[in-house]
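Since the structure comes first, as structure tokens, the remarks are kept for the end.
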Amino acid sequence: MADSNDHNKYFKYHPYQDLYNVPAQNLYNISTSPEFLFDEEAAHQRRSWSENLQYYTGTGYLSGAIFGGLKGSVDGIRSAEPGDSVKLRVNRVLNSGGHMGRRLGNNMGVLGLMFAAIESGLIHWRDTDDLANTALAGLGTGAIYRAARGPRSAAIAGAIGGITAAAAVAGKQAVKRYVPI
């Protein structure tokens, strides 16, 4: 059995004890040392193909799941019948939201996967990272995604994908340039 004096023998470690009297701006000073070990790595300011793949696939799946879940939940609320109990209405909303969230999340994840693969291939092939790679990747993704529905549908989806990807890059550049963050 432990003695009451044993409790006072041990030092309690507190990882934040030195940070109580430090101003907040000193906690978040960003290092000025180089991020890359070699100059060749620093010359290419872009994500690797695996980082691109994870980023676009994950972002696509998550955003699709969120928007699909919201749309499905709204559809579930609208489809409620006057005689339904509260338990049945909640079940209908959850089922509808889950079904639509999974469906749209999977579709958007596949689009992100295809976009990342095409864009990374174009960056490697052209040895440059510019707006043309992104627009061509969007065009290729849309065309491949809708290719099974025929050439007209593939052409329209490719045009929409290319324009959307180019608009996203242009919007990102505009925000970087004109919004002081």
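Residue indices begin at 1 and follow the sequence shown.
The closest donor-acceptor contact from the side chain of Ser120 to the backbone of Ala117 lies at 3.5 Å or more, if one exists at all. For Ser96 (side chain) and Val93 (main-chain N/O), no donor-acceptor pair under 3.5 Å exists by modelled atom type. In terms of modelled atom types and a separation under 3.5 Å, the side chain of Asn91 and the main chain of Lys87 share no donor-acceptor contact.
Atom CG of residue Leu94 and atom CZ of residue Arg92 lie 12.0 Å apart, to the nearest 0.5 angstrom. The CG atom of Asn52 sits 10.5 Å away from the CH2 atom of Trp49 when rounded to the nearest 0.5 Å. Taken to the nearest 0.5 Å, the CG atom of Leu136 stands 9.0 Å off from the CG atom of Asp130. One distance of note links CG of Leu122 with CH2 of Trp125; it measures 7.5 Å at 0.5 Å rounding. Note: Ile144 CD1 to Leu111 CG = 10.5 Å, rounded to the nearest 0.5 Å.
In terms of hydrophobic clustering, with Ile, Leu, Val, Met, Phe, Trp and Tyr side chains grouped at heavy-atom distances under 4.5 Å, Met108 and Ile118 are assigned to a common cluster. Note: the hydrophobic cluster containing Leu104 also contains Met114 (ILVMFWY, side chain heavy atoms under 4.5 Å, direct or indirect links).
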Residues Asp75, Met100; criterion side chain to side chain contact (heavy atoms under 4.5 Å, CB included); working and verdict: CA-CA 9 Å; Asp75 291 347; Met100 186 66 73; 4.2 Å; yes
Worked check of side chain to side chain contact (heavy atoms under 4.5 Å, CB included) between Tyr56 and Leu113: CA-CA 6 Å; Tyr56 287 125; Leu113 179 77; over 6 Å; no
Side chain to side chain contact (heavy atoms under 4.5 Å, CB included) assessment of Thr57 paired with Phe115: CA-CA 9 Å; Thr57 305; Phe115 180 84; over 6 Å; no
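The shortest heavy-atom contact between Arg89 and Pro82 is NH2-O, 3.5 Å. Considering every non-hydrogen atom in both Ala135 and Ala166, the closest pair reads CB-CB, 4.2 Å.
Screening Thr128, Asp129, Ile123 for a side chain to side chain contact (heavy atoms under 4.5 Å, CB included) with Arg126, the sole residue that qualifies is Thr128.
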